[in-house]
Amino acid sequence: MVVLQEDGEDYVGQLPIHPLLIDHVVKKILEYAVSSHDVNLLSCRRVCKVWNQIATALYKSQQQVEVGNYSTSVPRFRRLIKLKKTCPNYFNKKSTKICSPPWLFPFVKFRLCQEVFQPIYTSVITDFFQTFQDTLEALDIWLDLRSSLVEVPIHSKSKLSTFPNLKTLVYDDRRVILQSSEDNRGSLLKILVEHAPNIRNLSIRFQRDFRGSLECASETVLNRIRNIFTRVDLQKNLKFLKLDLHINDQLLNSLKCSSLRVETLELALRGSHFSFPAFQNFMESLQLNLNKLKICYIERDSNCLLVFPVMTALRELEIEGTDAFAKHSVSFGDLTYQENFPQLQALRICIWASVNLRWGQFFQSKQPIWTITELKLPGELCDSSMMACVAKMFPNLKKLQISLYSMTLDSLQTIFEGMTQLEDLTVTKFPSLWDRNETNIDHILTGISISDCGKLIEDNVVIEKISDDKLALLKTSPGLIDLKRLKRLCMPDLQYQASYSDITGYLAFCRMQSLKYLNVGRSYLGNSCLMQLTKKFPEMEEQRKMLPMYLKEPEDDDDGSYLDLPGDTCVYL
């Protein structure tokens, strides 16, 4: 946290700047000074133009304060509130006009953690809401079993708090929901929304642990939430909505009647039970405005059927699940691109058993689809035949993220051959305990046959000196260098199920002219090759510094065989 001078003085003498104090040096100095709490960051902006730019950037990055959770203590939080009251731009309702301060108070974003909401801190919380009501822009509230404060006051009897600048509100209540009139779940959320007419981003999360009757307990909370969305100002201004709670038909019907105009919607389905007509009707109410939809936490304790209408405005769709057995409780209706998502640009699927969830049929279109430019697929949908369908179906695909295991590594060759327009490729490891560095894929990544890769090693060929013409003669199939437009390649954990050596490093990674970002595991790349890659791709610096456990020098009394790589390491077979 930045500590400001309470006396308001920010004089800095006009001292000459040493020529060696270039931008990144100044940034390091100010970062150290800020972390040591020995500098008034706002005063540093007056030194010169360079200091002004760097100090302003640091000033903005320090705008969020976390209270509790081993961060800012409550006593320091009290001092911050006191400082806010004494700063020049504090708004006093008794005055006839607002003074024009030379700078604004930097802290406009707060995260109040669970231990703050105790009866002994009631006055502190009330004082916070009253003091920051005019400047508060983002508020994150986290409650759990340690939050014993029953009623959270945001205003006193003599002073009503309103939050005209509050744009982002995150409300995370993990307390057990009680079947009792004393249960105050959602009351603070309701009061905050009522006094913040300009909220644009709203995230709500409630615990699913009910004591007593599930229907009665959940209805108590859902009634409060449904009342929130009846406010006209919220319906008009809200653009982002995230719901992580027990979703049922009643809640979906209430949201439908609220005429929301949200552009981004996230639904967490864990523990939710609703019918497909309620979900379909809710989606129909959003079809003209919704641009991004994310459905996550598809788990076995949910009971949902997701049927989509024609989402004419939808541009991004993300489906995320964590349970392989969710297919028994969560399912999708028939899905086609033309009938459900005619303007979709990005599709991200990250869930097990996707074939059983009817996503396989989504990629059966015979007509090319030009709008989709980004695609993410799980391991079940990443075999070579599916990649061939994807290449034909999405000829304008720019960004692809897939998950592979040892039996589907040949899918990469299909990508190299049919998706030459790719600009961003991410390959992750399929979560399997049995895929442990079982095969070498130099021939897949370079397009050189396995036998020729072996000859390059046996003949001790200096691989980095192979000419482009010689490489063209060696290639028998498509490789990475055929992706002429690729700008970003990320394969950080592929080395744990498939290995590659300097053959790939020199003949693929180093020769990709358009590549700007490279993040791959070290695997069997030698130090010399890694040094060249680091010069071209700074992201590889960490890999160069790391010495994998499986790389070691041969011992004199070891009768095992080892392989001399083109680099300066020896790898045991």
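The structure presented is a predicted model; accordingly, all values stated were derived computationally and were not measured.
- Contact annotation: the side chain of V307 never approaches that of F279 to less than 4.5 Å [non-hydrogen atoms, C-beta and beyond].
- Nearest heavy-atom pair across L305 and S331 is CD1-OG, 3.2 Å.
- Side-chain atoms of S501 do not come within 3.5 Å of backbone N or O of Y524 as any donor-acceptor pair.
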Apply salt bridge (Lys or Arg N to Asp or Glu O under 4.0 Å) to the pair D424 and K487, showing each step before the final yes or no. CA-CA 6 Å; D424 189 327; K487 300 178 181 178; over 6 Å; no
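- Looking at Y517, its side chain never comes within 3.5 Å of a backbone N or O of L489 through a donor-acceptor pair.
- Listed for the D482 side chain is a donor-acceptor partner under 3.5 Å among the backbone atoms of G479.
- At least one side-chain heavy atom of K470 sits less than 4.5 Å from a side-chain heavy atom of L474.
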Could you walk me through whether V170 and L139 satisfy the side-chain contact (heavy atoms from CB on, under 4.5 Å) test, starting with their C-alpha distance in whole Å, then the side-chain angles of each, then the deciding distance to 0.1 Å, before giving a yes or no? CA-CA 6 Å; V170 179; L139 179 62; over 6 Å; no
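- Considering only heavy atoms from C-beta on, L515 stays 4.5 Å or farther from Q513 through its side chain.
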Go through S467 and D469 one step at a time and tell me if the side chain to side chain donor-acceptor pair (under 3.5 Å) criterion holds. CA-CA 5 Å; S467 64; D469 295 337; 5.2 Å; no
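- More than 12 heavy-atom neighbours from other residues, nucleotides or ligands sit within 6.0 angstrom of CD on E423.
- The structure places CG of L533 at 7.5 Å from CZ of F509, a figure rounded to the nearest 0.5 Å.
- Between T420 and K484 there is no side-chain heavy-atom pair separated by less than 4.5 Å.
- For the pair R205 (side chain) and S203 (backbone), a donor-acceptor distance under 3.5 Å is absent.
- The pair K398-E374 does not count as a salt bridge, with every side-chain nitrogen at least 4.0 angstrom from each carboxylate oxygen.
- Aromatic ring pairs are classed by plane angle as parallel below 30°, tilted from 30° to 60° and perpendicular above 60°; the pair F308 and F332 is parallel.
- Atom CZ of F240 sits in a crowded spot, with more than 12 heavy atoms from other residues, nucleotides or ligands closer than 6.0 Å.
- Nearest heavy-atom pair across M540 and T534 is O-OG1, 3.7 Å.
- Using a 4.0 Å cut-off between charged nitrogen and carboxylate oxygen, R174 and D172 count as a salt-bridge pair.
- Annotation: R511, atom CZ; neighbour count of heavy atoms from other residues, nucleotides and ligands within 6.0 Å is above 12.
- E316 has a carboxylate O that lies under 4.0 Å from a charged side-chain N of R348, or vice versa, which qualifies the two as a salt bridge.
- Rounded to the nearest 0.5 angstrom, Q343 CD and T371 OG1 are separated by 6.5 Å.
- In this structure, L317 and L314 have side chains that are in contact, with non-hydrogen atoms separated by less than 4.5 Å.
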Report the C-alpha separation of I503 and I457 in whole Å, then their side-chain angles, then the decisive distance to 0.1 Å, and conclude whether the side-chain contact (heavy atoms from CB on, under 4.5 Å) test is met. CA-CA 9 Å; I503 295 177; I457 297 296; 4.2 Å; yes
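- Of the charged side-chain nitrogens involved, none lies within less than 4.0 Å of a carboxylate oxygen, so that K109 and D140 do not count as a salt-bridged pair.
- One N or O on the side chain of D502 and one on the backbone of G526 form a donor-acceptor pair closer than 3.5 Å.
- The closest donor-acceptor contact from the side chain of Q497 to the backbone of L404 lies under 3.5 Å.
- In the displayed structure, Q367 atom CD is contacted under 6.0 Å by at most 12 heavy atoms of other residues, nucleotides or ligands.
- Rounding to the nearest 0.5 Å gives a distance of 14.0 Å between CD of E263 and CG of L293.
- How far OG of S272 is from CG of L245: 7.0 Å, rounded to the nearest 0.5 Å.
- Within the 4.5 Å cutoff, side-chain heavy atoms of S523 are placed close to those of S499.
- The structure places CE of M393 at 6.5 Å from CD1 of I372, a figure rounded to the nearest 0.5 Å.
- Heavy atoms of other residues, nucleotides or ligands lying less than 6.0 angstrom from CG of L473 number more than 12.
- Counted within 6.0 Å of NZ on K536, heavy atoms from surrounding residues, nucleotides or ligands total more than 12; the atom is thus considered enclosed.
- Nearest heavy atom pair, residue Q287 against residue V310, reads NE2-O, 2.5 Å.
- Taking both residues in full, the closest heavy atoms of A268 and Y297 are given as CB-CD1, 3.8 Å, listed atom of the first, atom of the second, then distance.
- No side-chain heavy atom of K399 sits less than 4.5 Å from a side-chain heavy atom of L375.
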Step by step, work out the side-chain contact (heavy atoms from CB on, under 4.5 Å) result for L265 and K294. CA-CA 6 Å; L265 175 65; K294 179 178 180 180; over 6 Å; no
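- Defined by atom type and a distance below 3.5 Å, a donor-acceptor pair is present between the side-chain atoms of T504 and D442.
- You'll find the side chain of Q413 stays beyond 4.5 Å of the side chain of E417, heavy atoms only.
- Within a 6.0 Å radius of NZ in K239, more than 12 heavy atoms belonging to other residues, nucleotides or ligands are found.
- Of all the heavy atoms in A498 and I441, the pair that sits closest is CB-CG2, 3.7 Å.
- Checked by atom type and distance alone, the side chain of Y500 pairs as donor or acceptor with a backbone atom of G521 at under 3.5 Å.
- Nearest heavy-atom pair across S411 and M387 is CB-CG, 3.8 Å.
- Looking at S384, its side chain never comes within 3.5 Å of a backbone N or O of D410 through a donor-acceptor pair.
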Under the side-chain contact (heavy atoms from CB on, under 4.5 Å) criterion, do I199 and T168 qualify, and how do the steps go? CA-CA 6 Å; I199 291 180; T168 301; over 6 Å; no
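- Side-chain N or O atoms of D452 include none that pairs as donor or acceptor with a backbone N or O of I448 at under 3.5 Å.
- The environment of K242 atom NZ is sparse: at most 12 non-hydrogen atoms of other residues, nucleotides or ligands sit within 6.0 angstrom.
- Checked by atom type and distance alone, the side chain of D383 pairs as donor or acceptor with a backbone atom of M386 at under 3.5 Å.
- The CG atom of L381 sits 11.0 Å away from the OG1 atom of T408 when rounded to the nearest 0.5 Å.
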